[in-house]
Participant: 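Right, I'll just put the structure down here and ask away after.
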Amino acid sequence: MNIKRVLIYSILGFAALIYLLPLVVMVITSLKDLDEIRSGTLLSMPQALNFDSWDKAWGAACTGVSCEGLKGYFWNSVLIVVPAVIISTVIGALNGYVLTKWKFRGSTLFFGMLLIGTMIPFQVVLLPMARMLGFLGLAGTTSGLIMVHIIYGLAFTTLFFRNYYISIPSELVNAARIDGAGFWMIFHRIILPLSIPIIVVSVIWQFTQIWNDFLFGVVYSSGDSQPITVALNNLVNTSTGVKEYNVDMAAAIIAALPTLFVYIVAGKYFVKGLTAGAVKG
Amino acid sequence: MHALKIQNIEKIYGKVKVLKGIDLEIQPGQFLILVGPSGCGKSTLLNMIAGLEPVSKGNIFIGDRDVTHLDPKDRDIAMVFQSYALYPNMTVRQNIEFGLTIRKTEKSEQKKIVEKVSKLLQIEPLLDRKPKQLSGGQRQRVAMGRALARDPSIFLFDEPLSNLDAKLRVEMRGEIKELHQREGTTIVYVTHDQIEAMTLGDVIAVMKDGEIQQFGPPQDIYDNPRNQFIASFMGSPSMNFIPCQAEKVNGVIQISLESGNEKVKVPIKQNIKGLEAYADKSIILGIRPEQITQQGEDKPDSAKLNCDVELIEPTGPDTLVTVRINGVKTVCRIHPTAESKVDKLMPLLLDMSKVVFFDPDTQERVY
Ligand SMILES: Nc1ncnc2c1ncn2[C@@H]1O[C@H](COP(=O)(O)OP(=O)(O)OP(=O)(O)O)[C@@H](O)[C@H]1O
Ligand SMILES: [Mg+2]
């Protein structure tokens with residue numbers, strides 16, 4: 001190892017350290033008790049591994065009036081994220097398939113309008129969407145929130161799949177049509193097996209977007225059906241006596257764990273999918 | 001009974017007429033070549049025969065069935081694509097079986113077919129590989145295997161050899177021809193390579209701008225091109241077009257040729273009635289490189305001319321010599337042992353027995 005290498009690695013290491021610092025602070029703070037927090041510094045190590053605050057954040061901390069921790073809201077989020085991610089990815093794949101391989105009159109215009117959908121900020125759709133949910137009788141329900149996430153995410157998933165499928169040669173589809181396969185068979189047997197990288201991209205993107213969403217959650221859900229981000233906010237803001245930083249930190253980590261997990265497991269494919277080029281026959 | 005009949009087919013994209021009324025007919029077992037420059041509508045026509053593109057106007061018959069509005073799968077055709085279009089996620093065997101499975105062919109029967117086809121094309125060792133583990137030529141074979149497995153009434157090929165290197169292309173060309181002779185299949189084959197067209201075709205349709213310019217056997221198209229476009233398109237190096245002055249002397253049409261300091265008048269002995277109209281006018285002489293050679297034994301209907309040599313290109317079996325006749329560059333095919341030097345005069349022999357003439361304005365053949 002020459003001197004340049006050492007320099008590069010130390011700079012990289014230093015940068016990584018700085019990026020990791022907030023997480024480190026959060027983790028060690030969550031493991032301390034309140035006395036330790038008060039007496040020590042931000043970076044001083046906890047005396048013993050103490051998971052009390054994690055227990056409390058998960059099962060007993062107050063989020064507004066109820067004091068049952070994040071547990072219920074965590075599952076709420078899972079219940080929202082899983083169907084919303086699956087459905088928006090599936091429909092996005094189908095949209096991309098139709099927009100590239102079964103073009104219809106006006107399909108370019110349709111795609112153009114979808115693109116605009118990716119640029120619409122959350123705030124703009126809040127009121128019209130609320131009216132629509134009310135009209136459909138879904139206001140304040142989990143299914144309503146799922147629907148909002150699916151609709152909002154479709155523009156993105158369609159864009160991903162469309163841009164990926166455009167590089168799959170149409171001759172493949174033509175060959176399959178001559179072989180006798182129809183719309184669904186071609187999708188299922190030819191297109192889907194080639195789509196793994198972009199499915200991963202779509203799933204990660206949608207998962208992080210929906211899991212981390214706060215605005216839609218706070219607007220379109222109420223009480224027991226709220227997602228974990230809203231509950232976390234309530235937990236941190238509920239002031240009864242002293243501020244329990246250790247519980248707040250534990251709760252914040254719990255809320256962030258699933259996205260972290262998804263990135264660690266599938267991050268490699270994410271990068272691959274984003275850079276994947278044409279599928280060579 | 002025809003194998004394929006195309007009646008007045010038109011294709012319109014938006015406002016552009018890409019095919020302007022195509023008519024043709026081939027018999028069972030015939031090898032039809034669609035040839036023409038890029039963008040002339042060959043692929044479009046083939047895709048319409050396949051059913052991949054809707055027909056704007058006209059009818060297509062395969063056998064005695066009107067298939068104009070049928071789905072590709074109901075037309076009893078198979079197609080080999082330029083990019084081979086092998087399914088990347090399937091093995092070679094699965095690629096070949098895919099169409100059979102969809103058509104619910106029995107498993108044991110499928111196995112027999114795969115065996116037969118892979119033997120025919122010598123791809124047996126490749127059956128369990130994925131397409132990306134194959135070379136270009138092997139992919140080409142597999143694509144043909146997939147088409148053969150279905151045993152359709154017509155095979156459609158869209159420039160199947162254009163992605164191969166020169167040597168492999170010649171090899172595969174031979175194999176396709178052999179396959180056709182052995183199996184007696186009916187084939188429609190798109191290419192823009194005139195050598196492929198000449199070597200493979202029983203009949204050739206030369207296309208340009210969405211129209212068929214000439215339809216006939218290869219040799220006929222080569223010898224009797226209907227206009228200057230076809231004459232220049234078929235044959236390599238292509239036919240020389242030499243503008244000359246015609247005049248009538250003693251009831252015989254003569255043309256003047258000039259090179260170096262020499263000027264000769266050549267009487268036209270072929271019986272071309274249309275030539276009479278060009279007396280004292282200019283006309284275009286069409287003469288192929290192999291019709292201009294070094295002087296040797298005299299031929300009955302020929303002319304001699306000493307020409308200024310501008311370029312010499314040996315190809316091996318013969319040497320291409322570029323000279324200037326009547327001010328235009330003219331390529332001649334001479335024997336490699338014949339002596340020629342750049343900037344020197346070379347005595348050449350023009351075989352006039354098969355030359356053709358074109359009108360300078362319309363570029364149509366003068367008969
Ligand atoms: N989908 C389309 N929309 C509009 N025009 C098209 C479309 N497809 C083809 N064309 C036009 O039709 C004409 C014929 O195209 P085609 O692909 O049949 O040419 P080709 O003879 O096969 O050429 P090549 O040798 O380059 O393959 C071209 O001018 C092309 O621009
Ligand atoms: Mg083409």
Side-chain angles (χ1 to χ4, degrees), chain A residues 93-94 96-112 161 163-202 269 272-273 275-281, chain B residues 14 43 46-54 70-92 94-105 130-134 136 138-140 142-143 146-147 149-150 152 154-160 163:
Chain A
L94 281 172
Y97 174 49
V98 172
L99 284 174
T100 52
K101 303 294 173 236
W102 300 82
K103 285 201 184 131
F104 51 91
R105 200 176 271 274
S107 58
T108 317
L109 183 70
F110 178 82
F111 179 62
F161 281 100
N163 285 356
Y164 185 78
Y165 288 161
I166 202 107
S167 71
I168 296 182
S170 297
E171 286 193 347
L172 270 186
V173 174
N174 286 343
R177 281 174 69 193
I178 287 176
D179 265 343
F183 180 90
W184 293 107
M185 170 90 86
I186 295 173
F187 184 60
H188 173 227
R189 295 288 305 275
I190 313 289
I191 302 291
L192 267 192
L194 298 175
S195 310
I196 311 292
I198 202 67
I199 290 176
V200 173
V201 168
S202 174
Y269 298 97
K272 245 194 230 160
T275 56
V279 182
K280 290 251 168 69
Chain B
S43 296
L46 196 74
N47 286 341
M48 285 163 84
I49 299 172
L52 297 169
E53 287 278 357
L70 289 188
D71 261 2
K73 67 174 190 315
D74 300 323
R75 293 194 179 197
D76 197 16
I77 46 144
M79 188 154 168
V80 177
F81 294 87
Q82 180 170 7
S83 68
Y84 317 135
L86 300 177
Y87 311 128
N89 54 309
M90 302 183 195
T91 61
V92 168
Q94 288 165 331
N95 262 282
I96 297 174
E97 282 174 351
F98 187 65
L100 301 172
T101 312
I102 290 177
R103 274 154 225 271
K104 306 214 160 54
T105 312
K130 290 272 176 72
K132 65 165 168 287
Q133 299 165 307
L134 303 176
Q138 291 170 331
R139 285 179 203 186
Q140 171 60 47
V142 174
R146 188 169 66 180
R150 295 250 318 282
I154 299 184
F155 286 92
L156 308 175
F157 287 78
D158 192 355
E159 307 206 22
N163 283 345

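Within every chain, numbering begins at 1; the chains are lettered A, B, ... in the order of the sequence lines, protein sequences first and strands thereafter. Quick caveat: nothing in here was measured; it's all calculated off a predicted structure.
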Participant: State, to 0.1 Å, how close A:Glu171 and B:Tyr84 come at their nearest heavy-atom pair, and which atoms those are.
Facilitator: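 Result for this residue pair: OE1-N, 4.3 Å.
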Participant: With a 4.0 Å cut-off, would you call B:Asp71 and A:Arg177 a salt bridge?
Facilitator: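 Looking at B:Asp71 and A:Arg177, the cut-off is not met.
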Participant: Once rounded to the nearest 0.5 Å, what's the spacing between atom CD1 of B:Ile102 and atom CD1 of A:Ile186?
Facilitator: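 One gets 8.0 Å once the value is rounded to the nearest 0.5 Å.
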Participant: For A:Ala175 and B:Arg146, which heavy atoms make the closest approach, and how far apart are they?
Facilitator: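 Heavy atoms only, the tightest pair is CB-NH2, 3.5 Å.
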Participant: Before giving the answer on side-chain contact (heavy atoms from CB on, under 4.5 Å), spell out for A:Arg189 and B:Asn89 the whole-Å C-alpha distance, their side-chain angles and the decisive distance to 0.1 Å.
Facilitator: CA-CA 9 Å; A:Arg189 295 288 305 275; B:Asn89 54 309; 5.9 Å; no
Participant: Please find the pair of heavy atoms, one from A:Leu194 and one from B:Pro88, that lie closest to each other, and give the distance.
Facilitator: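 Distance-wise, the nearest heavy atoms are CD2-CG, 3.6 Å.
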Participant: Using atom types as modelled and distance alone, determine if a side-chain donor or acceptor of B:Arg150 lies under 3.5 Å from a backbone N or O of A:Ile178.
Facilitator: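 Checked: pair present.
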Participant: Can you see which heavy atom on B:Tyr87 is nearest to which on A:Asp179, and at what distance?
Facilitator: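 Taking every non-hydrogen atom into account, OH-OD2, 2.7 Å.
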Participant: Compare all side-chain heavy atoms of B:Pro72 with those of A:Asn174 and state whether any distance is below 4.5 angstrom.
Facilitator: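 No, too far: nothing below the 4.5 Å cut-off.
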Participant: So, for A:Ala176 and B:Phe98, which heavy atoms are closest and what is the spacing to 0.1 Å?
Facilitator: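 Looking at all heavy atoms of both residues, the shortest contact is CB-CE2, 4.2 Å.
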